[in-house]
Amino acid sequence: MSEAATHSATAPVARPELLASLDPLLREWLPRQRWFAGKGRPVTGFTLVSAVELLPPGAKAGLLHLLLRAHQPLTPAQGAAPQPGDCYQLLVGVREALPPRLAPALIGHPDEGPLAGRTVYEALYDPRPAGLLLEALRSRARVGELRFERDMRQEIRGDLVPRLMTAEQSNSSIVYGDTFILKLLRRIVPGTNPDLELPLALSRAGCARVPAPAAWMLADLGGQTSVLGVLQPFVQGASDGWELALRELAKGEDFAGEARALGRATAEVHTALARTLPTVTLGRAQMELLVDGMAGRLEAAAQAVPALRPYAPGLLTAFEALADLAAEGHTWTAQRIHGDLHLGQCLRSPTGQWSLIDFEGEPSKPLAERRMPQPVARDIAGMLRSFDYAAHSVPGAPGDADAPAPLIPGWVDACRAAYCTGYAEAAGVDPRTDPVLLRAYETEKAVYEVLYEARHRPDWLPVPMAAVRRLAASP
Ligand SMILES: Nc1ncnc2c1ncn2[C@@H]1O[C@H](COP(=O)(O)OP(=O)(O)O)[C@@H](O)[C@H]1O
Ligand SMILES: O=P(O)(O)O[C@H]1O[C@H](CO)[C@@H](O[C@H]2O[C@H](CO)[C@@H](O)[C@H](O)[C@H]2O)[C@H](O)[C@H]1O
């Protein structure tokens, strides 16, 4: 049993006082974090969902595992109904003072409450707390509401040196000795999280395209379980598909061979998911709902991004064509899919093996929606859009809204064709045989991207807008 487990049982954290200590500091600090989902609205207060002390008694530094609900003013889309606010996972370290190497981790100095006069900081930067998490996973610790589980078939050494990844992420990841990577989810929602569910299912199905979870961290709260983190083997020396595609583009090289391999990898994952998790048939009624959703999201995006408005009628025809097919009696198979597939979610090992990561789906959507079976064309369309993105994003590509154009003519088409060919080789079905479905999903993704870029990276808006113009004009 780990030290942490022993301690927590004997030292419950004084909750209201603790929150009073941290509240003013976290109101400033939380909205500045890359992974904070409620950007653009102030944090007006917190509710403590869970607080667990993790370090053993007598330790000079303290470590608090917190689940905090952040209260924010509602967006117009949320209406006036009271909302509980998003719940975030934090690991807060407590010291007398911070050594210089931990300066970037500073949260602040509480003025009141039990932490008054101490220094609180983001503990994931600190090797000791990060090591403690690994130890808890290895030893399958139970600490208050926290439960650490593992797959005993995978060896996890205790001496792996942790380092926090500094990449732009929606969550936070710690790499242990280049052997494992622990993804700590930041926005916590109760229920089965596909980021653990799907890699576990794929591992059971014998699919080696996804690093098999070695251990995971859960919280049992109010009769429901939430996934807090997943430890997976680290693919050493890997490059992601986005970096690789940009590198090849910059050299004037084609990427069709890799695109074909990626198509095969995607198909293998889809085939394994269909084998191991339920599939359903989508008939007219289900397709009407699906198409209504697509049209509704287009309308909302056009409201938010005026540049999209002139193209909305043309884009809508892609969705109407799908509804027409359904009305004629066509049916489609739906299954569990990745849900947010793009080049950045694909890792290539130095030996050329492709893996897929990050099965969380679109984090802004409710879990139930993310876990619904969907046509595989949704993932495929995500990848097809990604080749287009890459070609428009190399340094020197024209960035103006009127005429962004790929630097290497034919590069995108070759990638798209090769990807579909690779997919067909492994799945036995070529996605191009259902162009109406593919166009509808590509259109939906491009609309999503317009909204995403308008909100997060306005300089990138010309990239999906170029696709919008093409898709709105195509028959
Ligand atoms: N198994 C792995 N091996 C090597 N690197 C990984 C692995 N899993 C994730 N990464 C790296 O971590 C980054 C973030 O992982 P990801 O699951 O996409 O997190 P997030 O949902 O926070 O964006 C990836 O872009 C990749 O560079
Ligand atoms: O990786 P996330 O799950 O956070 O996905 C979001 O951010 C992506 C950008 O980081 C965004 O992807 C878009 O840009 C990519 C290049 O940066 C490109 O490869 C993708 O094709 C394009 O959609 C993604 O849409 C968003 O959900």
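These numbers come from the heavy atoms of this one structure, side chains and all, not from hydrogens, waters or symmetry mates. All ligand and atom numbering here is 1-based and tracks the order in the structure.
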Margin query: Is the contact between Ala167 and ligand 1 made by the side chain, the backbone, both, or neither, using heavy atoms and a 4.0 Å cut-off?
Written below: neither
Next item on the list: Just let me know how Ala238 lines up against ligand 1, side chain, backbone, both or neither, with a heavy-atom cut-off below 4.0 Å.
Entry: neither
Next item on the list: Please confirm whether Ser170 comes within less than 3.5 Å of ligand 1 when only nitrogen or oxygen atoms on both sides are compared.
Entry: yes
Check: Can an N or O of Arg385 be found at a distance shorter than 3.5 Å from an N or O of ligand 2?
Finding: no
Next item on the list: Classify the angle between the aromatic ring planes of Trp35 and Trp29 as parallel (below 30°), tilted (30 to 60°) or perpendicular (above 60°).
Entry: perpendicular
Margin query: Using a 4.0 Å cut-off to any heavy atom of Glu449, which atoms of ligand 2 qualify?
Written below: 21 (O), 22 (C), 23 (O)
Note to self: Is there a polar contact, in the sense of an N or O pair closer than 3.5 Å, between Trp460 and ligand 2?
What the structure shows: no
Check: Which residue owns the protein heavy atom closest to atom 12 (O) of ligand 1, what's the atom, and how far is it?
Finding: Met165 CE, 3.3 Å
Notebook entry, point to check: Does Glu360 have a heavy atom less than 4.0 Å from any atom of ligand 2?
Noted result: no
Checklist line | Enumerated ligand 1 atoms positioned under 4.0 Å from heavy atoms of Glu360 | finding: 21 (O)
Next item on the list: Would you check if Asn171 and Leu184 make a side-chain contact, meaning some heavy-atom pair closer than 4.5 Å?
Entry: no
Note to self: Polar contacts were defined as any N/O atom of the residue lying under 3.5 Å from an N/O atom of the ligand; does this apply to Ser172 and ligand 1?
What the structure shows: no
Next item on the list: Could you list which atoms of ligand 1 come closer than 4.0 Å to a heavy atom of Leu347?
Entry: 2 (C), 3 (N), 4 (C), 5 (N), 6 (C), 7 (C)
Next item on the list: Would you mind running through ligand 1 and noting each atom that sits below 4.0 Å from a heavy atom of Lys183?
Entry: 16 (P), 17 (O), 19 (O), 20 (P), 21 (O)
Item checked: Heavy-atom nearest option to atom 14 (C) of ligand 1, drawn from Gln232, Gln169, Arg186, Arg34 -> Gln169
Notebook entry, point to check: Near Ser170, which atoms of ligand 2 are under 4.0 Å from a heavy atom of that residue?
Noted result: 4 (O)
Checklist line | Nearest protein heavy atom with distance in Å, relative to atom 18 (O) of ligand 1 | finding: Asp358 OD2, 3.1 Å
Check: Hey, does His342 come in under 3.5 Å of ligand 2, counting only N/O atoms on both sides?
Finding: yes
Item checked: Which of the ligand 1 atoms, numbered from 1, are nearer than 4.0 Å to a heavy atom of Gln345 -> 18 (O)
Check: Do Trp354 and Glu258 have side-chain atoms, one donor and one acceptor, less than 3.5 Å apart?
Finding: yes
Check: Got the closest protein heavy atom to atom 11 (C) of ligand 2, with its distance?
Finding: Tyr452 CE2, 4.0 Å
Check: Hey, is ligand 1 close enough to Val235 that some N/O pair sits below 3.5 Å?
Finding: yes
Note to self: Using a 4.0 Å cut-off to any heavy atom of Lys445, which atoms of ligand 2 qualify?
What the structure shows: 23 (O), 25 (O)
Item checked: Residue Pro211 vicinity, atoms of ligand 1 by number, heavy atom under 4.0 Å -> 1 (N)
Note to self: For a 4.5 angstrom cut-off between non-hydrogen side-chain atoms, does Gln169 reach Arg34?
What the structure shows: no
Margin query: Please work out, at 4.0 Å between heavy atoms, whether the side chain, the backbone, both, or neither of Gln236 comes within that distance of ligand 1.
Written below: neither
Item checked: For Asp340, the ligand 2 atoms whose distance to one of its heavy atoms is below 4.0 Å -> 2 (P), 3 (O), 5 (O), 27 (O)
